[in-house]
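Presented below is the structure to which this report refers.
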2 protein chains.
Amino acid sequence: MMNKNQAFPWDHPRFRSWIGVARACQLMQQAMSRAIAGLGIKPPHLDILVNLYRFDGISQQELARKLLVGRSNMSMLLPHLEKRGLIERRADAKDKRVLRLSLTEAGRSLTEEAMAIQTGLIERALSPTPAERCLQVAEAMEDLIHILQTMDADDEPDDA
Amino acid sequence: MMNKNQAFPWDHPRFRSWIGVARACQLMQQAMSRAIAGLGIKPPHLDILVNLYRFDGISQQELARKLLVGRSNMSMLLPHLEKRGLIERRADAKDKRVLRLSLTEAGRSLTEEAMAIQTGLIERALSPTPAERCLQVAEAMEDLIHILQTMDADDEPDDA
DNA sequence: TGATTTTTGTTCATCATTGTACTTTATTGT
DNA sequence: ACAATAAAGTACAATGATGAACAAAAATCA
């Protein structure tokens, strides 16, 4: 059994492909962690800062959804960044439940430094891959993301 | 500043590409976690079992290196799997320091079940991507892995 | 309006991962 | 052979992530 069509999982082209993606991600995460350590932040913080840089005034809920983590994670990390003077949390005027997030000046400039490092590392790591190929990779990943999110959406509503 | 060449990081093709890879990885990890939860194992255990399935008699050190984690991580996880009767650890005859790892019968059959689920999920997630494209993705990831590993090797020996 | 349900964010207990220090065994150098 | 160094595995303390229970505010609906 299982050695009828393709002997082992690692002989499937898609399986090998995915193993490569997973390893690459892990290594990249570690490399990124070291690259930005000098700025006193770690990958989770960087993700937050970049998203605030891009989407000013976002709520904690929306931020958590973008980062694919739970709300509680934001509640743990954001006060830290706030105390360090990198971000601000102001209550929304119309809905007193939500906290609107934005970068301080210090946060904005640190984020720009961090993004320069991040972009540099990504450029170096993908430098042997031509831009066109990168777009094909991106396309494959977006298809995958769409499928997984659809699967999740299917599971939850009708679930037991 | 920074908006001279390409306005923002997310306009770089390689940057966008990488963001997609990272998101895909995260979602896949979560989906995989749910997919194998019924077998009573989590992604780290699956990684271990698959590697033991493929490389019987490997040592804890080698396993840790393959999985890109620390030795201590193996020391935490393996006794668990051993108590559950999925793996065996036997001292090497020639070098009393190393423990040689192998799957039990129960472990082997559970691993086959798990790999079937894993392969199925990967196949589904990458189904819209033709096999040829998958190989191109794999190639890009292998280049990236090689670069990052070379960078690490460069940093450590001469490091401060 | 008043009661019920949703939504937002927080708190807390639990679990996973990491790095460091430590023990035991091999290897190297003299 | 003996001392020093390196390597394999373990123990432990610190950090990070997760999910569930909770409080406050808003929305829904009768």
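These numbers were taken from a predicted model, which means no experiment stands behind them. Reminder, nothing fancy here: chain letters follow the sequence lines and each chain counts from 1.
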Salt bridge (charged side-chain N to carboxylate O under 4.0 Å, His left out) partners for B:Glu123, two or more places apart: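 Testing B:Glu123 for salt bridge (charged side-chain N to carboxylate O under 4.0 Å, His left out), a comparison that skips the adjacent residues, returns A:Arg14.
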[X] [atom1] - [N] [atom2] separation (whole Å):
| X | N | atom1 | atom2 | value |
| --- | --- | --- | --- | --- |
| A:Asn73 | C:dA13 | CG | P | 18 Å |
| A:Asp47 | D:dG16 | CG | P | 15 Å |
| A:Leu68 | D:dT18 | CG | C1' | 14 Å |
| A:His80 | C:dG9 | NE2 | C1' | 18 Å |
| B:Ile41 | C:dC15 | CD1 | P | 18 Å |
| A:Leu63 | C:dT8 | CG | P | 13 Å |
| A:Asp92 | D:dA24 | CG | C1' | 15 Å |

DNA chain D contacts among residues 19-28 of chain A, heavy-atom distance under 4.0 Å: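 Contacting residues: none.
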Side chain B:Thr104, main chain B:Leu86, donor-acceptor under 3.5 Å: yes
Within 6.0 Å of CZ in A:Arg54, more than 12 heavy atoms from elsewhere: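 Counting other residues, nucleotides and ligands, CZ of A:Arg54 exceeds 12 neighbours.
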Results of side chain to side chain contact (heavy atoms under 4.5 Å, CB included) for A:Leu39 - residues two or more places apart only: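 A:Leu39 satisfies side chain to side chain contact (heavy atoms under 4.5 Å, CB included) with A:Ile41, A:Glu113, A:Ala114, A:Ile117 once adjacent residues are dropped.
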Along DNA chain C (nearest heavy atom to each residue), the more 5'-positioned of B:Leu77 and A:Leu78: A:Leu78
Of A:Ser59 and A:Gln30, the one whose closest DNA chain C nucleotide lies more 5': A:Ser59
Pairs touching residues 69-83 of chain B that satisfy side-chain hydrogen bond (donor to acceptor under 3.5 Å, both in side chains), sequence neighbours left out: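 Only B:Glu82-B:Arg89 qualify under side-chain hydrogen bond (donor to acceptor under 3.5 Å, both in side chains).
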Show me the protein contacts with nucleotides 10-12 of chain D, counting only N or O atoms at under 3.5 Å.
residue	atom	partner	partner atom	Å
D:dT10	OP1	B:Arg89	NH1	3.1
D:dT10	OP1	B:Arg89	NH2	3.4
D:dT10	OP2	B:Gln60	OE1	3.4
D:dT10	OP2	B:Gln60	NE2	2.9
D:dT10	OP2	B:Ser75	OG	2.7
D:dT10	OP2	B:Arg89	NH1	3.4

Show each protein N/O and nucleotides 25-29 of chain D N/O combination with a separation under 3.5 Å, one pair to a line.
residue	atom	partner	partner atom	Å
D:dA26	OP1	A:Lys96	N	3.0

